[in-house]
Structure formats: structure tokens, C-alpha cells
Amino acid sequence: MSSVLPVLCGAVLLGAPGYLMLCALDVRLRLRWGWAPAVTVLLTVVLGALFRVLGIRWTLLSAVIGIVLLVALAAVVRLALQRRTARRLTTSTSTSVGVPAPQDWSRGTAAAVTGASILSGALVAASAARRMGGISTLNGSFDSFFHLSAAAFIRERGDASFTTALSDIYGEPTFYPVVFDDLVAILPFDVITAANAMMLAMLAAIPPAVAAMVVGVSRPARSAPLLVALSAGAATLFLSTPAMALVMGLWPIVLGVVCLPPAIAAVLMLTDRRHGAPGVGTAAGLVLIVIGTALAHPSVLFSVAVVAGLRLLAGGIERMLGGGRLRGLIEVCAALAAAVLFVAGSHVLLSGMALTKPSLDGVGSVLGEILLDSPRIPAVPALLWPMAALWILAMIGAAAAVRSREVLGATAALGLLASLMLGVATQIDHPLAVALVNPWYGARERIAPLMMCMLVLLMARGLLALLESGGRRRRSLPGALAVGAVVVTVLIALVTPQRLPLMGSLAYTAYGVQLTPYVTSEERSFIERTAQELPEGSVVLADPLDGATLYWSVGGVETVFPTMSRPLTREKTLIAHYAHRAGTDEASVELCRALEPVGPTHLYRDTSEASGQRINPEDSERWRGVHDIPESRLTLVDASGPYALYELDPAC
């Protein structure tokens with residue numbers, strides 16, 4: 001199957017609901033497509049909860065109807081309010097929000113900038129997909145198996161609620177950011193194709209989101225359209241987010257990254273008072289953008305909080321330098337107090353989130369990789385040239401912003417420094433360092449999007465400084481050279497085999513370069529075939545690290561362990577440890593009570609080199625009771641090489 005149609009459908013589902021809502025509310029923001037995903041997230045959460053209460057199944061049809069009704073309701077409310085208070089509403093819904101109203105671009109200019117940002121995203125998706133092996137290729141990473149099962153459960157059960165959608169996985173209502181899984185569940189393709197399509201659509205949405213951030217906070221200038229288009233192009237140079245999407249299968253956090261740039265812009269716009277306080281309607285809309293970002297993935301909210309705190313700090317310092325010492329001192333103290341509370345709260349409440357092991361490289365080497373946005377993947381080289389132009393321009397931008405005493409520029413510079421410090425802190429085994437990075441699971445890839453946003457903002461400011469240095473009538477030669485350097489860097493980086501195309505292969509086809517797949521193509525074929533042949537009501541028992549989760553997510557056959565996460569309930573833990581004891585004198589009453597409601601009818605075994613016991617023996621030990629089920633309780637149903645399916649005598 002061609003990837004064009006699925007990815008296009010994913011992009012429409014990700015952006016269209018939010019875009020239509022922004023239009024219905026007459027929110028006058030440039031590059032609405034960049035802001036739209038955060039609004040889509042918010043609409044998805046609202047509809048998921050509403051459908052749960054009303055008993056409506058979450059399907060493509062019901063979601064579309066729900067979105068249309070919400071958009072229509074928003075438009076009706078807006079028109080009614082406009083009739084009553086037209087003049088006041090015109091002021092309150094202006095997008096000045098602390099910055100000038102949208103610059104007076106011609107329709108052609110606006111279309112060109114929008115097209116350039118969307119084209120940048122399309123090129124990212126195309127480059128990333130070059131070595132995936134096709135849109136229906138299975139991602140072999142650990143986390144992808146969880147989200148394939150999650151999307152399949154939502155599709156089967158019709159429940160998209162934040163707390164109950166994954167009850168079948170967790171055994172009880174549990175909060176989880178399921179918006180990515182909700183969207184995948186209603187795409188009209190098989191679950192693997194739908195997940196891949198939405199993942200590529202999210203990567204394609206990042207350049208427009210970055211462009212929306214830049215146009216939202218930058219000051220008016222004749223070169224603004226060019227700067228925004230170049231910012232979208234610059235967003236294609238960063239690798240940490242594509243690595244999380246393509247190699248690690250961390251798809252919900254990628255959705256959060258898509259929403260992060262608009263959320264940062266919203267915070268900066270809300271706190272900028274150069275043009276007066278924002279109207280109530282606009283302020284509420286921007287707050288909802290931040291809420292939508294938090295709902296996409298809560299860890300991204302901490303990146304937004306860092307920017308908000310640094311904006312308060314930079315504003316306080318500027319006030320102190322400008323004569324308002326008391327108020328400035330209060331703002332600085334408030335920012336420092338918030339930082340202390342952040343660290344203390346993280347140490348107490350988020351200590352269990354330090355899940356990422358530090359790299360074995362030295363701090364200096366790690367800092368170099370952070371500066372180049374090179375993820376912790378040995379197969380991906382840390383290349384200097386793609387990031388060199390951005391860093392040079394960012395330093396020029398930081399100097400220009402500090403010299404002009406620009407609070408937003410100073411905030412971006414402080415944010416860039418903070419992102420580097422947080423990245424290095426992931427390598428330091430000290431309680432303070434661990435507390436600093438707990439909200440990001442101790443992974444520098446999750447912190448890197450903050451660096452991306454700050455670096456691009458400063459890059460745009462540096463380009464503006466160079467372009468304005470030659471006077472109004474002609475662009476300066478340094479400015480023209482800088483623009484050319486960014487364009488050439490982007491065009492070359494998008495086709496360089498060692499970057500996006502390489503990552504597109506690592507968890508899809510070139511497993512030997514980076515990881516061993518949890519499921520080979522031969523095993524997937526066996527599982528798909530036997531799943532179709534199993535009678536209705538069958539339940540498959542297996543070590544999930546052997547790929548048995550596909551019996552559920554792809555084949556639609558119930559499995560005892562639908563994800564590769566540790567057994568999530570006491571009953572399933574008993575089965576995992578002691579299933580082999582069923583029917584013996586050692587069998588406990590609790591074991592039989594656990595087996596009875598599950599009712600496993602078949603056992604799947606993988607004895608290949610890529611089995612769970614071979615590639616991950618420590619984790620596979622959690623299912624030792626499944627491995628040791630005696631042959632006397634098994635009747636062979638089908639086998640192909642090292643893969644075998646048995647009929648199981650539960651013996652309880």
C-alpha cells in the first residue's frame with residue numbers, strides 16, 4: 001500500500017478538527033495549521049469523556065459528528081456574542097495578546113508561508129519513510145507494541161476516555177494520555193498502518209507548529225514571512241523527536257512535541273504586555289492551547305513551565321534594570337521560588353520516573369551530542385554541519401536580543417541554556433540532578449524539543465538582525481548568506497542517508513544496526529495466519545516478549561498479556577509466575593481463581609534467536625511460569641520453524 005493516502009488521512013485527522021474550531025471561533029492567528037493539533041487534542045479528550053458518559057462508541061463516524069457539532073456550537077455562540085457586544089468582542093478576540101495583531105500579509109504571502117511550512121513537514125515525513133519498508137511494516141520497538149494494543153483495545157471497545165480506555169490492559173481505570181491511541185483507533189486502516197500513518201503525520205506537523213510559534217511571538221518586520229518559512233525548515237534538522245517516533249516508538253510524547261511550540265508561544269504571548277493585556281477571549285483560548293498540550297502528554301507541560309518561569313525571571317531582571325526595582329525583585333524571587341518548588345516537588349512526587357540509564361560516555365561527549373541534537377542511538381552519527389548554521393545564528397540572535405533588552409529574546413536565551421543544563425543533568429547521578437530531570441523520565445530526548453524551540457526562536461532573531469543590518473532598501477550580504485546557509489543545510493540534511501532515512505529503518509527493517517526485533521516478518525506472518533484460523537472465543541497465553549501481543553492488536557484474538565509491560569494485575573502476575581503448576585499438587589487456589597476468568601485456550605511459543613528469552617532474558621523471566629508449561633498439557637495446532645501454536649489444557 002502507498003503511504004500517501006494513510007499519512008494524508010492521519011494529517012487531516014490530526015489538524016482539521018482544531019483548524020475548524022479555530023476558524024469557528026474566529027481566532028486570528030497566523031498559520032492556524034500549526035496551532036490546530038493542540039486544539040484537536042482538547043476536542044478529542046472532551047469527546048472521549050462525553051461519549052463515555054453518554055454510552056456512545058468512539059468511532060470515526062461518531063467522532064466526526066461530535067467534532068462537527070462542537071464546531072457548529074462554537075460558531076453559534078461566537079455569533080450570538082458578537083451581536084450583543086460586537087465592539088467589545090472585537091477587542092477581546094484580537095490576537096494582539098501582548099504582541100501586535102497579525103502582520104498585514106497579503107493572501108499570496110500568507111499562502112506561500114503556509115505552503116512552505118507544510119512542505120517542510122511533508123519532506124520530513126517522506127525522508128523518514130524512505131527506509132521503513134512500507135506503511136504497513138511493524139515497528140520492532142518495545143513501546144510500539146503497547147500502543148498497537150492500546151489502539152486495538154480502543155477500536156474494539158469503543159472507549160476513548162482518559163481513565164477507562166485502557167482498563168483492559170491495566171485491570172482497572174487508570175489515567176493515561178491516550179489521545180494518540182484514540183486517533184489511531186479511528187483511522188480507517190489496520191492498526192499497524194494507522195499507527196505508522198499517524199506517527200508520520202505528527203512528524204510532518206512539527207515544522208508548521210514551530211513556524212506558528214515564531215510568527216506568534218516575533219515582532220513585525222518586512223522579512224517576517226521569510227523568517228517564519230526558514231524557521232519551519234530549520235525544524236527539520238532536529239533528530240531527537242524523529243528518534244522517539246521512528247526508533248523508540250514513544251508516540252504519545254511525539255504528539256506532545258507537536259503541541260509544544262504553540263504552547264510556548266501561548267505562554268509568551270500571555271505574559272507580554274508591550275501592547276496591553278490580552279482580552280478575556282484570547283487569553284482563554286491561549287490557556288486552552290496549553291491545556292491541550294498537557295493532555296497530549298503531561299511531561300511536555302514541564303517544558304512549558306520552564307519557559308514560563310524563565311519569562312518571569314527575565315521580565316523581573318528587565319524591570320530591575322529599568323528602574324522598577326521592587327516589582328522586578330518580586331518577580332525574580334517568585335521565579336526562583338517556583339524553581340525550588342519544582343525541584344522539591346519532583347524529588348518527592350516524581351522519583352519513580354527516573355527510568356533512563358545514563359550514557360556510559362563522559363559528560364563532555366554527551367554535551368556535544370546534546371548540542372548537535374544527536375539521540376542516544378550509536379548508529380546515528382553526531383554530525384556537526386547540520387546544526388552549525390543554527391547555532392551561529394542563535395548566538396547572533398541572543399546577542400542582539402540582550403543588547404536591545406528584549407525580554408522574549410532573553411527568555412529564549414535562558415531557555416536554551418536551561419535545556420542544555422537539563423540535558424547534561426540526565427548524566428549526573430546526584431539527587432538534585434535526578435530531581436531536575438524526573439519530569440522527563442531522565443531522558444535527554446524528551447528535553448531536546450525545548451532546546452529546538454529556543455534555538456529556532458534565537459535563530460530567527462539572528463537572521464532578523466543580519467537582514468536589518470544593511471538598511472531598509474536592500475538586504476545585507478551577511479543576511480543573504482545566512483539565509484542561503486539555512487536553506488542549503490535543510491535541503492541537504494533532508495536527503496542525507498545517515499539522518500532521517502537511517503532512523504526510518506532502525507526499528508522497521510535494519511534491526512541489526514540498532515536492535516533485535518521482537519517480531520520478525522516470518523513470525524508476524526505466522527501469527528496473522530494462525531489468528532485467522534483460531535475459533536471464536538480463543539484466548540492465547542504466551543510470553544508477550546515473543547510477539548504474542550500481535551495476536552490481539554493485529555489478529556483480534558484475545559491474549560492473556562496484550563502488552564509487553566510487566567503483568568499489571570495480581571491475577572496476571574500469578575499466571576505469569578505459576579501457570580506451569582496448574583493441575584499439580586503445587587497449584588494454589590489463588591492460581592486457579594486467576595486462570596478461571598481468563599480461560600486461556602492456546603499457548604504460543606517462539607524458540608527462535610529473536611525470542612524473548614534470548615534477546616531480553618531478564619524481562620522474560622517475569623513469565624517463567626508460561627515457559628515451563630509441560631508438554632503433557634499441550635496439543636500441537638500449527639508450527640512453522642521455531643514458531644508453534646498449541647491447544648492448552650488449563651488444568652484448573
Side-chain angles (χ1 to χ4, degrees), residues 143 177 202 206 209-210 213 235 237-245 247-248 250-261 263-264 267 290 293-294 296-311 338-339 342-343 345-347 350-359 361 363-377 380 382 387 390-391 394 411-458:
D143 285 86
M202 291 190 303
I206 293 175
V210 171
M213 173 187 67
L237 299 176
F238 296 85
L239 292 186
S240 286
T241 300
M244 290 190 291
V247 184
M248 303 173 190
L250 300 173
W251 296 325
I253 185 67
V254 177
L255 179 59
V257 172
V258 172
C259 301
L260 175 62
I264 288 175
V267 167
V290 177
T293 301
H297 199 283
S299 70
V300 178
L301 183 61
F302 292 99
S303 294
V304 179
V306 168
V307 175
L310 292 175
R311 169 61 182 81
F342 173 87
V343 175
S346 173
H347 177 71
L350 305 178
S351 59
M353 294 176 65
L355 302 178
T356 307
K357 296 179 180 179
S359 169
D361 298 333
V363 174
S365 298
V366 170
L367 177 60
E369 293 172 352
I370 293 171
L371 290 169
L372 302 178
D373 195 38
S374 179
R376 292 170 296 123
I377 302 173
V380 179
M387 302 297 291
L390 299 192
W391 276 105
T411 301
L414 290 172
L416 182 59
L417 180 61
S419 67
L420 297 179
M421 294 174 60
L422 289 169
V424 172
T426 62
Q427 300 300 118
I428 301 174
D429 186 17
H430 185 276
L432 176 60
V434 173
L436 279 172
V437 298
N438 276 339
W440 296 274
Y441 297 86
R444 69 175 191 249
E445 290 85 4
R446 297 175 185 252
I447 300 168
L450 173 62
M451 184 189 81
M452 173 188 72
C453 293
M454 300 297 99
L455 191 60
V456 172
L457 282 175
L458 290 174

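What you see below is based on every heavy atom in this structure, not just the backbone, and it leaves out hydrogens, waters and symmetry mates.
Between F238 and V456, some side-chain heavy-atom pair lies under the 4.5 Å cut-off. Side-chain contact between M202 and T241: absent, with no pair of heavy atoms (C-beta onward) separated by less than 4.5 Å. Looking at heavy atoms from C-beta onward, I206 lies in side-chain contact with M452 at the 4.5 angstrom threshold. Side-chain contact between L260 and V304 is present, with at least one heavy-atom pair separated by less than 4.5 Å. Residues M451 and D373 have side chains in contact (heavy-atom distance under 4.5 Å, counting atoms from C-beta outward). C259 has its side chain out of reach of V300: every pair of non-hydrogen atoms, C-beta onward, lies at least 4.5 Å apart. For the pair L455 and M387, the minimum side-chain heavy-atom distance is below 4.5 Å. Residues D429 and P358 are not in side-chain contact: their nearest non-hydrogen atoms beyond the backbone lie 4.5 Å or more apart.
Under the 30°/60° scheme for interplanar angles, the aromatic rings of F342 and F302 are found to stand perpendicular.
Nearest heavy atom pair, residue S351 against residue N438, reads CA-ND2, 3.7 Å. Shown here for P449 and E445, the closest heavy-atom pair between the two residues is CD-O, 3.1 Å. Looking at every heavy atom in both residues, A209 comes nearest to P261 through O-CB, 3.4 Å. What you find for A425 and A433 is that their closest heavy atoms are O-CB, 3.7 Å. Across V424 and V363, no two heavy atoms sit closer than the pair CG1-CG1, 3.7 Å.
Expressed to the nearest 0.5 Å, how far OG of S240 lies from CZ of R376 amounts to 9.0 Å. One finds the CZ atom of R311 at 14.0 Å from the CD1 atom of I264 (value rounded to the nearest 0.5 Å). Distance CE/M454 to CG/L310: 8.5 Å, rounded to 0.5 Å. In this structure, CD1 in I370 is found 5.5 Å from OG1 in T426, a value given to the nearest 0.5 Å. Atom CD1 of I253 sits about 11.5 Å away from atom CE of M248, to the nearest 0.5 Å. E369 contributes atom CD, which lies 5.5 Å from atom CG of D361 (distance to the nearest 0.5 angstrom).
Shown here is M353, whose CE atom has more than 12 heavy atoms of other residues, nucleotides or ligands within 6.0 Å.
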- prompt: W440 and T356: side-chain hydrogen bond (donor to acceptor under 3.5 Å, both in side chains), yes or no, with the steps?
  reply: CA-CA 9 Å; W440 296 274; T356 307; over 6 Å; no
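For R446, there are no salt bridge (Lys or Arg N to Asp or Glu O under 4.0 Å) partners two or more places apart in sequence or in a different chain.
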